[in-house]
Amino acid sequence: MKILAIESSCDETAAAVVEDGRHVLSSVISSQVAEHILYGGVVPEIASRRHVEAITPVVREAVSSCGLTYDDIDAVAVTHAPGLIGALLVGVNFAKGLSLSLDKPLIPVHHLRSHIASNYITHKELEPPFLALVVSGGHSHIVEVRDYTDFSVIGRTRDDAAGECMDKAARALGLPYPGGLNLDKISADGNSDAYKFPRPTVSGSEYDFSFSGLKTAAVNLIHNASQKGEEISIKDFGASYIKAVVRSLVENTEKAAKALGYKKIVIAGGVSANSVLRREMTKLCEKNGFELYLPDKSLCGDNAAMVGSQGYYEYLSGKRADMTLNAKATMGIDE
Ligand code: KG4
Ligand code: ZN
């Protein structure tokens, strides 16, 4: 079964054709980063306008670059939630039009479910159940993936997401957007013990995260240093800060896996590209005898191949949308 998938939840306009959930026949991504760099972050209205311009050529290229025509497509999948509402609406409306004109089923896909599915493309043998750490610009979740369409969130951030926290510190250090990626690169050979950051504690759920304290500590350190005329070593600061964020992600994932008896761990979302997170998760899994699944780096950020993968499993479970489908800025992965 060939699914034409569309993604426009943030600042990437993407389309892909995916066969049977696992085989990517084409994947096209048009990134808006160059424009948002000017503002230090994503400007929602600009994002929507760029999606409107890019979506037709991107979808056309996804279909033609794998030598197919629209007649070969069996269904249309689209990210409908969560994300920037104006951005999501572009993809949703385009997908509705395609589904209507081709007379093919329309499948709504949750953005975080699709991030998890990027691992089905990278690891053809991976099947649920497993425990997933989903870390993106807007979310930090520990999720029990009981089946392809059966999810239960057991840990979440109480405030900022891990990606947002990386981005804010990077911005305070004067690094360009996208901050998390640039912070990771610049800190590669930094001294991770050079700066001390608080260990976030969360009362209540033992698997929940809190990153706002870390972020505030970072911003205060940077401002205090600049007021005193002291120089901050960006690479040492970045390495120390990333270590603190990653420590929290890794510790909670380990606790949850042990308590719930999961031996398969999956990482997903934009922050899963982070080199320290990948390394520390590898160590954790080796120590405990867990199997670790990391998405290929090309699939960590937003793309439509992952939407085509999850869309296939949503289709198999009977999920369909009609022409009343709308976008939603917020929506739980388990809804
Ligand atoms: O999943 P994603 O592409 O978009 C959302 O769904 O939010 O995630 C974007 C987030 C941004 O906060 C970005 O800074 C972060 O992922 N990110 C990274 C790295 N690459 C992207 N954070 C840390 N290290 C990276 N290498
Ligand atoms: Zn994402």
Side-chain angles (χ1 to χ4, degrees), residues 7-14 29-48 50-51 79-88 91 109-118 132-143 153 155-173 175-185 209-212 214-215 218-219 238 241-242 245-246 248-249 267-278 294-295 297-304 306-307 327-333:
E7 152 66 36
S8 70
S9 66
C10 190
D11 59 345
E12 258 98 31
T13 317
I29 303 173
S30 166
S31 174
Q32 307 173 359
V33 165
E35 188 160 3
H36 295 295
I37 263 179
L38 305 172
Y39 307 95
V42 179
V43 182
E45 185 175 330
I46 293 178
S48 311
R50 294 300 163 261
H51 286 308
T79 310
H80 72 117
L84 299 173
I85 192 70
L88 286 165
V109 177
H110 188 283
H111 184 61
L112 298 184
R113 291 187 181 199
S114 70
H115 269 300
I116 293 172
S118 62
L133 172 70
V134 189
V135 271
S136 69
H139 298 85
S140 304
H141 282 350
I142 298 179
V143 186
V153 178
R156 66 181 75 237
T157 180
R158 297 282 182 90
D159 37 59
D160 297 338
E164 189 183 350
C165 171
M166 301 271 197
D167 292 341
K168 297 264 169 67
R171 194 172 173 167
L173 288 168
L175 297 177
Y177 167 83
L181 173 64
N182 289 318
L183 194 65
D184 189 13
K185 278 190 192 154
F209 304 105
S210 169
F211 292 115
S212 68
L214 270 177
K215 182 191 73 186
V219 171
Y241 184 71
I242 291 173
V245 175
V246 165
S248 179
L249 296 172
I267 318 290
V271 183
S272 66
N274 183 268
S275 52
V276 181
L277 179 62
R278 292 172 88 93
L294 296 165
K297 281 214 174 175
S298 64
L299 292 166
C300 290
D302 292 342
N303 65 86
M306 66 187 192
V307 180
K328 279 187 170 181
T330 57
M331 183 183 187
I333 194 171

S.K.: Give a yes or no on whether Arg278 atom CZ has more than 12 heavy-atom contacts from other residues, nucleotides or ligands under 6.0 Å away.
M.R.: yes
S.K.: For His111 and Thr79, does a side-chain donor sit closer than 3.5 Å to a side-chain acceptor?
M.R.: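 Short answer, no.
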S.K.: According to salt bridge (charged side-chain N to carboxylate O under 4.0 Å, His left out), who are the partners of Arg156, at least two apart in sequence or on a separate chain?
M.R.: none
S.K.: Does Thr157 offer a backbone N or O that forms a donor-acceptor pair with the side chain of Ser140 under 3.5 Å?
M.R.: no
S.K.: Tell me if a side-chain donor or acceptor on Tyr241 pairs with a main-chain N or O of Ala170 at a distance below 3.5 Å.
M.R.: no
S.K.: Would you kindly say whether Ser30 and Gln32 are connected by a side-chain donor-acceptor distance under 3.5 Å?
M.R.: no
S.K.: Give the minimum heavy-atom separation between Phe209 and Leu249, together with the two atoms involved.
M.R.: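 Scanning both residues completely, I find the closest heavy atoms to be CE2-CA, 3.6 Å.
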S.K.: Answer yes or no: is there a donor N or O on one side and an acceptor on the other, between the side chain of Asp184 and the main chain of Gly180, under 3.5 Å?
M.R.: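 No; judged by distance alone, with no hydrogens or angles, the pair does not exist.
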S.K.: Distance-only, no hydrogens or angles: does the His139 side chain make a donor-acceptor pair with backbone N or O of Val134 under 3.5 Å?
M.R.: no
S.K.: Is there a side-chain contact between Glu7 and Asn303, using heavy atoms and a 4.5 Å cut-off?
M.R.: no
S.K.: Indicate the atoms forming the closest heavy-atom contact of Ala161 with Glu164, along with that distance.
M.R.: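 In terms of heavy atoms, the two residues are closest at N-OE1, 3.0 Å.
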S.K.: How close do Val271 and Ser136 get, counting heavy atoms only, and between which atoms?
M.R.: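 The answer is CG2-O, 4.0 Å.
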S.K.: Return the minimal non-hydrogen interatomic distance between Ala81 and Met331, and the atom names on each side.
M.R.: CB-SD, 3.6 Å
S.K.: Just verifying a value: how many Å separate His36 NE2 and Ser31 OG, rounded to the nearest 0.5 Å?
M.R.: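 One finds 8.0 Å between NE2 of His36 and OG of Ser31.
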S.K.: Shortest non-hydrogen contact from Pro176 to Asn182?
M.R.: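 Nearest heavy atoms, Pro176 then Asn182: O-ND2, 2.8 Å.
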S.K.: Could you tell me whether the side chain of Arg113 and the main chain of Ile333 form a donor-acceptor pair under 3.5 Å?
M.R.: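 Yes.
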S.K.: Between Glu12 and Val33, is any pair of side-chain heavy atoms under 4.5 Å apart?
M.R.: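 A side-chain contact under 4.5 Å exists here.
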S.K.: To the nearest 0.5 angstrom, please state how far the CG atom of Leu299 sits from the CG atom of Leu294.
M.R.: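 That separation rounds to 12.0 Å.
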S.K.: What distance separates Ile242 CD1 from Leu277 CG, expressed to the nearest 0.5 Å?
M.R.: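 Going from CD1 on Ile242 over to CG on Leu277, the span is 10.0 Å.
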S.K.: Answer yes if the side chains of Asp159 and Ser210 hold a donor-acceptor pair under 3.5 Å, and no otherwise.
M.R.: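 Short answer, yes.
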S.K.: Is it true that a side-chain atom of His80 and a backbone atom of Lys328 form a donor plus acceptor pair closer than 3.5 Å?
M.R.: no
S.K.: Does Ala87 offer a backbone N or O that forms a donor-acceptor pair with the side chain of Ser8 under 3.5 Å?
M.R.: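 Side chain of Ser8 to backbone of Ala87: a pair is present.
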